[in-house]
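All remarks here apply to the structure that follows.
Nothing fancy with the numbering, it's 1 onward along the sequence.
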Amino acid sequence: MIRNVFEPWLTRWHLRPVGEAFKTQHSGSHLIPVLYGGAPAMLKIAPGLEERRGAVLMVWYGGNGAVRVLELEGEAVLLERATGRRNLADMARNGQDDAATHILCATITRLHAPRATVPPTTLVPLSIWFRELTPAVAPNHEILAKSDMAARELLSAPRDVVVLHGDIHHGNVLDGEGRGWLAIDPKGLIGERGFDYAHIMCNPDREMATAPGRLRRQAQIVAQIAGLDLTRLLMWILAYAGLSACWTLDSGGDPGPALAIAEIAVAELTT
């Protein structure tokens with residue numbers, strides 16, 4: 001597998017594999033941990049357009065809030081490998097939910113910070129990202145209709161437009177030890193900054209995300225830390241949860257968790 005998938009980059013970049021290769025379920029990317037000049041790195045072969053767009057954005061981040069891109073060529077990207085042992089999902093599940101949220105918000109702040117260079121031209125506007133939501137709205141999906149209405153209202157008059165990671169959650173921010181917490185796997189979007197915070201409340205798992213009072217508490221924490229309007233943040237949560245449900249429906253999965261979060265967001269917006 002190594003020779004078939006990861007060549008010629010193992011040779012070209014003088015990499016030494018130090019672990020088992022694996023394939024991501026969602027994107028179909030192939031990854032293998034390697035050493036690059038003696039330093040830990042991750043070689044990723046990403047055939048999809050979305051993954052390649054993310055790699056270009058990672059270059060633009062320049063290692064500020066995200067892992068560094070060490071090499072990039074075609075479908076291959078060599079990334080700095082975060083080797084810290086701390087895990088945000090474990091923290092959230094073991095009495096440190098608020099602390100994990102603070103870390104995620106701090107990471108987003110770093111990612112949203114202005115850069116000296118022009119952003120990539122490959123960024124996808126949120127208005128395009130949400131196109132999949134509207135066709136999914138049907139009479140028997142009242143909650144999706146509400147998600148669609150929220151998305152339309154937010155997208156009609158965006159505020160604080162920035163380059164967006166697009167998929168910030170507990171599994172996509174890793175412990176970089178001395179480099180701090182570092183994001184991976186961006187989608188490469190552009191739009192209102194509040195969107196990047198919506199994913200936090202939908203993670204790290206269904207049990208936590210739908211626990212009574214949890215969404216309200218974390219939304220209040222995020223709004224305070226990030227300086228966001230709470231109502232608008234709840235609308236982004238509703239919009240994102242609906243979109244997530246549509247993606248799950250399209251892939252044949254269970255949209256229940258996303259729909260449950262959308263219902264909670266609606267309840268919070270009407271109280």
Heavy atoms only: give me the nearest [X]-[Y] pair and the separation to one decimal.
X	Y	value
Ser127	Arg131	O-CG, 3.5 Å
Ala245	Pro255	O-CB, 3.8 Å
Gly65	Thr107	O-CG2, 3.7 Å
Arg214	Pro204	NH2-CD, 3.8 Å
His112	Val163	CD2-O, 3.5 Å
Gly191	Leu164	N-CD1, 3.4 Å

Exercise for review: Could you please spell out the steps behind the side-chain contact (heavy atoms from CB on, under 4.5 Å) verdict for Leu88 and Trp181?
Suggested key: CA-CA 10 Å; Leu88 290 181; Trp181 293 89; 3.7 Å; yes

Point to revise | Parallel, tilted or perpendicular: rings of Trp13 and Trp9 (30°, 60°) | key: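 Tilted.
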
Nearest 0.5 angstrom please: [X] [atom1] to [Y] [atom2], how far?
X	Y	atom1	atom2	value
Thr122	Leu57	OG1	CG	7.5 Å
Arg179	Asn64	CZ	CG	8.5 Å
Leu230	Leu228	CG	CG	9.5 Å
Ile184	Asn172	CD1	CG	5.0 Å
Lys187	Leu126	NZ	CG	13.5 Å
His141	Leu133	NE2	CG	11.0 Å

Check your understanding: What's in the same ILVMFWY side-chain cluster as Ile225, cut-off under 4.5 Å, chained through other members?
Key ->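 Listed partners: Ile221.
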
Check your understanding: Remaining members of Val18's ILVMFWY cluster at a side-chain heavy-atom cut-off under 4.5 Å?
Key ->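 ILVMFWY cluster around Val18 also holds Leu35.
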
Practice item. Run the numbers on Arg110 and Tyr61 for side-chain contact (heavy atoms from CB on, under 4.5 Å), then give the verdict. Key: CA-CA 9 Å; Arg110 293 176 69 189; Tyr61 282 145; over 6 Å; no

[X] with [Y], same ILVMFWY side-chain cluster at under 4.5 Å:
X	Y	result
Trp129	Val56	no
Val5	Leu10	yes
Leu123	Val162	yes
Leu155	Leu144	yes
Leu215	Met91	yes

Point to revise | Summary of salt bridge (charged side-chain N to carboxylate O under 4.0 Å, His left out) pairs that have at least one residue in residues 233-254, sequence neighbours excluded | key: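 Sorted pair list: Arg206-Asp254.
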
Taking the side chain as every heavy atom from C-beta outward, state whether [X] and [Y] have any atom pair closer than 4.5 Å.
X	Y	value
Ile45	Ser29	no
Val124	Arg53	yes
Leu269	Thr231	yes
Leu43	Leu79	no
Leu182	Glu80	yes
Val34	Phe6	no
Glu51	Thr24	no
Met201	Leu233	yes

Scan the side chains in residues 66-74 for donor-acceptor partners under 3.5 Å anywhere in the protein, sequence neighbours excluded, and list what turns up.
residue : atom : partner : partner atom : Å
Glu71   : OE2  : Tyr36   : OH           : 2.6
Glu73   : OE1  : Arg12   : NH1          : 3.0
Glu73   : OE2  : Arg12   : NH1          : 2.4

Practice item. Kindly determine whether Leu104 and His169 satisfy side-chain contact (heavy atoms from CB on, under 4.5 Å), including the steps that lead there. Key: CA-CA 7 Å; Leu104 288 165; His169 58 75; 6.0 Å; no

Salt-bridge contact [X]-[Y] (side-chain N to carboxylate O under 4.0 Å):
X	Y	value
Asp185	Lys44	yes
Arg232	Glu192	yes
Asp229	Arg159	no

Does [Y] offer a backbone N or O that forms a donor-acceptor pair with the side chain of [X] under 3.5 Å?
X	Y	result
Asn203	His199	yes
Thr210	Ala260	no
Ser147	Ile143	yes

Answer yes or no: are there more than 12 heavy-atom neighbours, outside [X] itself, under 6.0 Å from its atom [atom1]?
X	atom1	value
Met149	CE	no
Glu153	CD	no
Arg152	CZ	no

Practice item. Using side-chain contact (heavy atoms from CB on, under 4.5 Å) as the criterion, list what pairs up with Ala198, not counting sequence neighbours. Key: Trp236, Ile237, Tyr240

Point to revise | Non-neighbouring partners of Glu177 that pass side-chain contact (heavy atoms from CB on, under 4.5 Å), sequence neighbours left out | key: Thr83, Asp175

Review point. Does the side-chain contact (heavy atoms from CB on, under 4.5 Å) test come out yes or no for Met42 and Leu78, once each step is laid out?
Key: CA-CA 6 Å; Met42 186 70 75; Leu78 184 66; over 6 Å; no

Check your understanding: What do the steps show when you test Asp97 against Arg217 for salt bridge (Lys or Arg N to Asp or Glu O under 4.0 Å), and what is the final call?
Key -> CA-CA 10 Å; Asp97 195 17; Arg217 176 177 175 80; over 6 Å; no

Check your understanding: Do the side-chain N and O atoms of Gln96 and Asp90 include a donor-acceptor pair separated by under 3.5 angstrom?
Key -> no

